[in-house]
Amino acid sequence: MKKVLLLLLAVMLVGCSGEETEKKKEKDVKKDQETKEAVVKEEKVVPVKFEEVDPESKAAVEKFVKKYNVRANIYIKNPVEGIEIAEIPEPITSELNKEETIFSQILLDTDFKKHKGHYKIDVNYNEDKKIIGYNIFIEGIPATELNEDGGEWAEGIISAMSIADALGLNIDKFDEESDIAFDEEVAYTYTDPNTKTNVTFLFADWDIGKFEIKYDLSK
């Protein structure tokens, strides 16, 4: 009798396993279908032309780009220890793409000129296409491979400071707060005393050479 019960139990387990497998397959198929539908839906989102941006915001971005490029041009003409950063192309022709509840526009996407690395500058708008802030994403070699002066990250850091300068932020305060942020394991935010801009340092992955800085203009 005991053997029979064990056999029945084994059969039931196999049956349940088969049923669970079928349910999992159905769930996976449904998930794949939903993913495909989401991709199709995303592909139907039409990019927004820069000319469609709120006029005041459009003028602000154009002014920012010019001020940033003045700083970049100084480094191009008079490189400090060989450091140069790329200028943002003018006139601005890149389009805005919808990302959840905001529009994001790439102003600059380039590699470091001297070392292995990459950085990207975005400007973000709300759903009314009014500017709300800027982001810079920097990727370089891991922190453990840096020289003592950290020169391998210099182009990304100089670009981030050039954004701060173009926005009228207090550069000394920006530099001071960035040093504090490196010791934080989570996002670190401070408010610039000159402009009331909220600056957030995301340095959680700085040890592998990746970090981000957000400049939030919304008051």
Report all side-chain donor-acceptor pairs from residues 155-171 shorter than 3.5 Å, counting only partners two or more places apart or in another chain.
residue: E155; atom: OE1; partner: K113; partner atom: N; Å: 2.6
residue: E155; atom: OE2; partner: K113; partner atom: N; Å: 3.2
residue: E155; atom: OE2; partner: K114; partner atom: N; Å: 2.9
residue: S159; atom: OG; partner: Y68; partner atom: OH; Å: 2.7
residue: S162; atom: OG; partner: I158; partner atom: O; Å: 2.8
residue: D165; atom: OD2; partner: R71; partner atom: NH1; Å: 3.3
residue: N170; atom: OD1; partner: D172; partner atom: N; Å: 3.1
residue: N170; atom: OD1; partner: K173; partner atom: N; Å: 2.9

Please list every donor-acceptor pair under 3.5 Å in which a side-chain atom of residues 129-143 meets a protein atom from a residue at least two apart or in another chain.
residue: N135; atom: ND2; partner: E212; partner atom: OE2; Å: 3.4

Going through the distances and angles, do I102 and E127 end up as a side chain to side chain contact (heavy atoms under 4.5 Å, CB included)?
CA-CA 6 Å; I102 68 170; E127 292 185 292; over 6 Å; no

Check the pair N198 / T189 against side-chain hydrogen bond (donor to acceptor under 3.5 Å, both in side chains), numbers first and verdict last.
CA-CA 7 Å; N198 289 321; T189 301; over 6 Å; no

Would F112 and W153 satisfy ring pair (Phe, Tyr, Trp, His ring centres under 6.0 Å), going step by step from the backbone distance to the final call?
CA-CA 9 Å; F112 289 172; W153 286 0; 9.3 Å; no

Would you check, one step at a time, whether the test side chain to side chain contact (heavy atoms under 4.5 Å, CB included) holds for D54 with D128?
CA-CA 7 Å; D54 167 73; D128 294 324; over 6 Å; no

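For E52, the salt bridge (Lys or Arg N to Asp or Glu O under 4.0 Å) test picks out no residue, with sequence neighbours left out. Partners of D122 under the salt bridge (Lys or Arg N to Asp or Glu O under 4.0 Å) rule, at least two apart in sequence or in another chain, are K120. K116 is linked by a salt bridge (Lys or Arg N to Asp or Glu O under 4.0 Å) to nothing, counting only residues two or more places apart in sequence or in another chain. Every salt bridge (Lys or Arg N to Asp or Glu O under 4.0 Å) that E62 has, sequence neighbours left out, goes to K58.
Within the model, atoms CZ of F64 and CG of N69 stand 9.0 Å from one another, a figure rounded to the nearest 0.5 Å. Atoms CZ and OG, from F203 and S178 in turn, are 6.0 Å apart once rounded to the nearest 0.5 Å. Atom NZ in K67 sits 13.0 Å away from atom CD1 in I88 (nearest 0.5 Å). With rounding to the nearest 0.5 angstrom, the OG atom of S94 is 7.5 Å from the CD1 atom of I106. Atom CD1 in I85 sits 5.5 Å away from atom OH in Y119 (nearest 0.5 Å). Rounded to the nearest 0.5 angstrom, L107 CG and E90 CD are separated by 10.5 Å.
Counting only N and O atoms by type, the side chains of Q105 and N97 include no donor and acceptor under 3.5 Å apart.
With contacts defined as side-chain heavy-atom distances shorter than 4.5 Å, the pair T93/F50 does not qualify. At least one side-chain heavy atom of Y188 sits less than 4.5 Å from a side-chain heavy atom of E177. Contact of the Y125 side chain with the V53 side chain is registered, since non-hydrogen atoms from C-beta on lie closer than 4.5 Å. Side-chain atoms of D216 and V199, non-hydrogen and from C-beta on, never get closer than 4.5 Å to each other. Annotation: side chain of D192 is not in contact with side chain of F174 (no heavy-atom distance under 4.5 Å).
Contact between N126 and F103 at its shortest, heavy atoms only, is O-CD1, 3.4 Å. Smallest separation of non-hydrogen atoms from A72 and A86: CB-O, 4.0 Å.
Both Y75 and L108 are part of a single hydrophobic cluster, where members link through side-chain heavy atoms under 4.5 Å apart. Hydrophobic clustering of Ile, Leu, Val, Met, Phe, Trp and Tyr side chains at less than 4.5 Å, counting indirect connections, unites W206 with I180.
Ring orientation note: the planes of Y190 and F201 are close to parallel, at an angle under 30° on the 30°/60° scale.
When the shell of 6.0 Å around CD of E145 is examined, it contains more than 12 heavy atoms from other residues, nucleotides or ligands.
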